[in-house]
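Notes follow once the structure below has been shown.
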Amino acid sequence: GVPPGQEKGDVLIVKLRNNQSVKCVCIAKKGIGKDHAKFSPVATAVFKYEPEITINESLMEQLSDEQKKEWVASSPTPVFRFNEQSGRVEVENPEAYTYDEECIKKAEEMGFPGLVEIRAKQDTFIFTVESTGALPPERIVIMALEILSEKINKIRSENTQFLGIADPMGGMGMY
């Protein structure tokens, strides 16, 4: 619960007894992450290329069900699953792949090199932003994109002025 005299969301700085007081001077500063990391609302921001996973079905058919289960278990993250009904190995969660190549090594160990091919799609990536809690991650990404757009527009404007050419978009976005 919330202590008496304190509203939800307030931050308790100090508790005082009767006839006690605190004298302090507080200074609040607003800053941006470019100035100091303490002003950044981002805990981590990471991207990785989306994997394209292709299972060689003709090689996979040569494995017993136990070998298939063993191969599926070799991946440290739940990327593959063994379907008990069909007896097939399926790609369940490609985004979970960490590019550790454990399943490729296991296939080679089992004598089946080329059992799976995994390559990074160069035009698609998974972007993850973790917030410190000051702002929701969605808002952080939107604000970052707005700042990036402003910087691109400024560069474009300076280039068109420098080169003495007209902006085909009339300053209304990117071309």
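Y99 approaches Y49 most closely through the heavy-atom pair OH-O, 2.6 Å. Minimum interatomic distance between C103 and I118 (heavy atoms only, all atoms of both residues): SG-CD1, 3.7 Å. Nearest heavy atom pair, residue C24 against residue C26, reads SG-SG, 3.7 Å.
A heavy-atom distance below 4.5 Å is found between the side chains of L135 and M143. Annotation: side chain of K69 is in contact with side chain of E84 (closest heavy-atom distance under 4.5 Å). Counting only heavy atoms from C-beta outward, the side chains of N93 and V79 never approach each other to under 4.5 Å. In this structure, T128 and T44 have side chains that are not in contact, with every pair of non-hydrogen atoms separated by 4.5 Å or more. At a threshold of 4.5 Å between non-hydrogen side-chain atoms, the residues L63 and V89 do not count as touching. For the pair M60/R88, no side-chain contact is recorded, criterion being any heavy-atom separation below 4.5 Å from C-beta on.
In this structure, I13 places its CD1 atom where only 12 or fewer heavy-atom neighbours from other residues, nucleotides or ligands lie under 6.0 Å away.
Judged by distance alone, the side chains of S74 and E102 never bring a donor and an acceptor atom under 3.5 Å apart. Side-chain atoms of N159 and R156 form no donor-acceptor pair, as typed in the model, at a separation below 3.5 Å.
Classified by interplanar angle (parallel below 30°, tilted 30° to 60°, perpendicular above 60°), the ring pair F80/W71 is tilted.
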